[in-house]
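What you see below is based on every heavy atom in this structure, not just the backbone, and it leaves out hydrogens, waters and symmetry mates.
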Amino acid sequence: MTTAAISIRSLTHRYGPTTALDGLTLHIPEGEIFGLLGHNGAGKTTTVSILTTLLKATSGTASVAGHDVREASHQVRRSIGYLPENVSFYDDLTTMENLTFFARLSGLRRPEARIGEVLEFVGFTGHDRERVGTFSKGMRQRVGLAQALIHQPAVLFLDEPTSGLDPEGVKALRELILRVNADWGTTIFMNTHLLSEVTKTCTSIGILRSGRLVHHGTLADTVGAFPTDDALERAYFAAGTTTS
Amino acid sequence: MSTILTAARHELLASVRAKAPYALVAAFLGMVAASTFIGWRTSVTVTSIYDQVLADGLTTQPNPFTDVSPLYYVRNTVIYVLLIGSLMAATLGVQSALRDRKAETAALIGTRPVDGRALRAGRLLGLGLLLAALVGITQIITWISVSALVGGPLSASETLAIAGFGVITWLLLIGFAGIGVLSGRLLRRERTALLAPVVAWAVIAFVIPQLGTAARPVSLLNPVPLPAQDSGAFSWLSQVLSPLAITEHFKTASAALLESSSTGSPLASALIVALFACLALAAAVLIRADRTTGGTHE
């Protein structure tokens with residue numbers, strides 16, 4: 001029996017009168033690359049914010065790596081890496097200085113060797129003494145991924161990871177995500193509205209519509225239901241109207 | 001403990017790299033260096049006038065500068081600490097509090113397993129070390145320049161007095177830095193966050209002392225503290241507001257250390273300045289802004 005890396009039960013979140021998440025229930029086994037699809041405002045970022053302990057849900061429960069996000073937020077934080085949509089760093093500091101700061105906050109006492117290892121993994125060696133303020137979006141994204149991986153998290157959260165990247169950057173990041181999962185067995189939870197990314201990266205998907213999960217299944221099952229070239233697109237638009 | 005040290009190291013590094021407060025730091029160091037020269041020029045000017053007056057037979061009194069302590073030349077520094085140093089410290093505090101918001105790193109920090117209070121305490125420690133380094137530089141500049149003016153190294157007691165003045169200066173500055181940190185954390189806009197400590201400074205340095213002494217504002221720019229009024233409403237106000245006149249207490253403690261004329265109790269004044277620093281630091285560590293999220297550290 002596979003253990004759930006992420007377990008969500010009846011999760012609801014309201015911003016004033018607006019319901020951003022409406023009774024979300026979801027279980028993601030360890031080792032999955034899960035893609036959460038949805039239109040802008042569907043509740044994807046709210047879900048990630050709750051799972052990464054940045055936001056407290058109005059009701060419902062969620063656990064990550066076996067720890068409750070509300071009751072054991074410190075343990076959850078030890079178990080996760082997070083790459084926000086627009087990752088930012090201290091522009092006046094170098095790659096090494098930024099990563100050292102975040103590594104130490106993650107509990108690594110002597111992080112220099114690990115930083116070198118992770119920078120090599122994300123293909124960003126040779127830039128460790130350069131100031132982050134001089135980097136392009138793609139370069140920042142690599143530093144961001146290095147930051148998220150530095151403490152070897154069990155679960156990695158990626159919020160629109162390819163947003164704003166050029167095609168080469170998208171391809172490179174996709175390959176990195178697949179390698180993180182294959183080499184380290186890290187469970188990956190990825191928010192995106194790009195169907196093509198999900199097809200090329202994820203093993204299972206969920207579709208959110210106005211805060212409600214209208215579809216959850218493996219990529220193969222989802223695409224199998226629509227055996228055409230644009231299968232996922234068809235599944236996406238059909239979700240919530242014909243299937244759940 | 002490691003969170004505190006990590007945050008302190010980061011604060012030092014980021015503050016040094018951020019160029020925004022450099023102008024204030026340069027002005028502070030420059031004016032402290034100049035104040036010894038100004039004190040010395042005052043002494044030379046008065047002595048030359050005295051010599052002329054004496055030669056003309058217009059006085060038989062001794063030269064007021066004959067037996068003056070070398071520390072007299074430092075007394076103008078008190079005003080530069082109040083005017084420039086306090087604002088510099090508050091600005092550094094605001095910049096420290098706004099750093100994560102401006103760099104948009106709050107979400108990354110919010111997902112790290114650290115205690116928010118330890119993080120805030122570490123940043124204040126870094127800020128305190130930075131201010132200690134700046135105050136230390138001013139004390140070294142002071143010691144060297146006064147030694148040069150009097151033609152020999154200062155005595156041990158005079159050196160200790162300068163060091164004591166450095167400590168009381170640091171306490172005042174870290175207090176204002178704490179106010180700056182609080183302002184940066186609690187106020188949404190940078191401009192408002194920078195303005196609020198300036199208003200607090202103006203109230204502490206001018207409004208409160210004026211209410212207790214009925215002094216003209218320009219008198220408050222004197223390094224020597226003003227005596228409180230002993231009659232009428234001002235007397236009552238001075239008793240009520242005296243503990244809040246932090247800058248006047250700083251002047252009292254400094255004047256005692258620098259062998260200037262002083263009113264009040266220097267020890268009590270030094271303790272009030274220390275209490276001001278402790279309260280500002282405690283508030284800056286314990287009060288957290290919780291405007292947007294429930295789980296973030298800021």
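For the residue pair A:R77 and A:T53, a side-chain donor N or O sits within less than 3.5 Å of a side-chain acceptor on the partner. Side-chain atoms of B:T77 and B:S35 include a donor-acceptor pair closer than 3.5 Å. Side-chain N/O atoms of B:T105 and B:D100 include a donor and acceptor closer than 3.5 Å.
Within residues 101-118 of chain A, the residues having any heavy atom less than 4.5 Å from a heavy atom of chain B are, in residue-number order, A:F101, A:F102, A:R104, A:L105, A:S106.
A salt bridge (Lys or Arg N to Asp or Glu O under 4.0 Å) with B:E190 is found for one member of B:K102, B:R99, B:R101 and no other, namely B:K102.
In this structure, no portion of A:Q75 lies under 4.5 Å from any heavy atom of chain B. Proximity to chain B is limited to the side chain of A:V87, based on heavy atoms less than 4.5 angstrom apart. Residue A:S73 does not touch chain B at all, counting heavy-atom pairs closer than 4.5 Å. The part of A:R131 that comes within reach of chain B is its side chain, from C-beta onward, which places non-hydrogen atoms under 4.5 angstrom from that chain. Using a 4.5 Å cut-off between heavy atoms, A:T100 contacts chain B through its side chain alone, with no backbone atom that close.
Side-chain rings of B:F276 and B:H249 stay apart, their centers remaining 6.0 Å or farther from each other.
In this structure A:R140 satisfies the side-chain hydrogen bond (donor to acceptor under 3.5 Å, both in side chains) test together with A:D91, sequence neighbours excluded. Taking the ring-ring contact (aromatic ring centres under 6.0 Å, His included) definition, one finds that A:H151 meets it with nothing, sequence neighbours left out.
For the ring-ring contact (aromatic ring centres under 6.0 Å, His included) condition, the pairs that include at least one residue of residues 28-66 of chain A, sequence neighbours left out, are A:F34-A:F189, A:F34-A:H216.
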